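Keep in mind it's a predicted model, so treat the numbers as computed, not measured. In listed order, ligands and their atoms are each counted from 1.
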Amino acid sequence: MDLELFKIAIQNANNILIISHVNPDGDTLGSMSALYQVILNNFNKSEQCVDMVYNGIIPEIYNFIPYINKAVSPENVKEKQYDIAISVDIAAKDRMGDSLPLFEKSSVRINIDHHKTNTNFGTINHVCANACSCGEVMLDIFKELDLKIDKDTACALYAAILTDTGGFRYENTTAQTLLKASELIELGADPAQISRYCYESKPRNMVLLHANCMINAEFLDNNRIAGICITNKDMEKYNATNDYTEGLVEELRRIKTTEVSYVIKEVDENTSKVSLRSKTADISVVAQVFGGGGHTFAAGCTIRKPLNIAKDKLVEEIRKVLG
Ligand code: 5GP
Ligand code: MN
């Protein structure tokens, strides 16, 4: 993307929509908040000119992200027509959920992302597959355009980078990532406080649900595959919202013998949602078999089958990449 054109497009727009992905995580929410703030702080736009939309539930732990409480559900703005719609951290159109019609009817559609499986669905696409997070992509854009990044913007970007690198632990953590995180701290982001919000502020029932799921986990093929099936009944037992399962799939991968972990959730009787993690095998391939996508070691998809059938099909595909 020609960043100067991006700047001009924002300057000329009367109303702008920023779209985060379904089941929002720290990266999509942090990137959305940062872009919102940068537009308000640098382009002389009023709050009425810029909307943020989310789909589903914003996990409680992310309520600290500045201005995230200004985000609305697509239902609230469905009659509006935007000059520009910008998707952040979204690999494929279906990840926009109910925000998709708003994106489609906007004349300029900008896709800012870091997934290698991104389908370049925008009229303007800015996909940097070597960036650790969409937050890193946003920071690069802001710097390139010489836009002011204040303390709250830095906090949002730091949250995006921190969470998508699993706390600077995953292979997407590069020297650049740490340099950029350092810059954000210089700009006012508080690393200890943001870590506390992201990693030590879980609802009690979320941790209890995780304990229950771990006890019932299934280990296959000499423990190389570790998985959890979650029914709606399990969710009800813990009064859990959809986001409560976040982190489970990583907990399974922590086990030494695990090469691939999966969490598969009942959406309804004919639909199952899958999260996949891996240590070495490319599981984005597995997700793509079912029409999903993601990264080499973190991917996901939806399988239009009942939970148990979906699980068997998933395991079959995992075995193919494990060899
Ligand atoms: P998670 O398991 O945390 O929901 O997602 C892990 C990664 O896989 C994320 O980078 C996310 O973008 C991607 N992903 C998860 N579900 C889907 C899906 O249904 N479709 C696509 N294209 N990507 C997905
Ligand atoms: Mn991301």
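Shortest non-hydrogen contact noted between S201 and R196 is OG-O, 2.8 Å.
K265 pairs in a side chain to side chain donor-acceptor pair (under 3.5 Å) with only one of the listed residues (N242, T302, T231), which is N242.
The protein heavy atom nearest to atom 7 (C) of ligand 1 is A298 O, 3.5 Å. With hydrogens left out, the protein atom closest to atom 11 (C) of ligand 1 is R95 NH2, 3.4 Å, a heavy atom. Of all protein heavy atoms, the one closest to atom 10 (O) of ligand 1 is H115 NE2, 2.8 Å. Given atom 2 (O) of ligand 1, the protein heavy atom at minimum distance is S275 OG, 2.7 Å. In this structure, the protein non-hydrogen atom closest to atom 15 (C) of ligand 1 is G300 CA, 3.3 Å. Of the protein's heavy atoms, G293 O, 3.5 Å lies nearest to atom 13 (C) of ligand 1.
Residue G292 has at least one heavy-atom neighbour below 4.0 Å for each of these atoms of ligand 1: 20 (N), 21 (C), 22 (N). Close approach of ligand 1 to H295 is summarised as follows: ligand atoms under 4.0 Å from at least one heavy atom of the residue are 10 (O).
Both M32 and I149 belong to a common hydrophobic cluster when Ile, Leu, Val, Met, Phe, Trp and Tyr are linked at side-chain heavy-atom distances under 4.5 angstrom. I283 and Y262 fall within the same hydrophobic cluster, where Ile, Leu, Val, Met, Phe, Trp and Tyr residues are linked whenever their side-chain heavy atoms come under 4.5 Å apart, directly or through other members.
Using a non-hydrogen distance threshold of 4.0 Å, R277 registers as a contact of ligand 1. The shortest heavy-atom distance from K273 to ligand 1 is under 4.0 Å.
Between E75 and K78 there is a salt bridge, since at least one side-chain N of the basic residue sits less than 4.0 Å from a carboxylate O of the acidic one. A salt bridge links E317 to K320: one of the charged nitrogens lies within less than 4.0 Å of a carboxylate oxygen. K116 has a carboxylate O that lies under 4.0 Å from a charged side-chain N of D282, or vice versa, which qualifies the two as a salt bridge.
Shown here is K45, whose NZ atom has more than 12 heavy atoms of other residues, nucleotides or ligands within 6.0 Å.
Under a cutoff of 6.0 Å and an axis angle of 45°, R253 and Y170 form a cation-pi pair.
Computed with the Mn ion (ligand 2) at the centre, the D27 OD2 to D164 OD2 angle is 80°, stated to 10 degrees.
For residue C134, no N/O/S atom approaches the Mn ion (ligand 2) to within less than 2.8 Å. For D89, the nearest N, O or S atom to the Mn ion (ligand 2) falls under 2.8 Å.
Distances from the Mn ion (ligand 2) to the N/O/S atoms of H114 are shortest for NE2.
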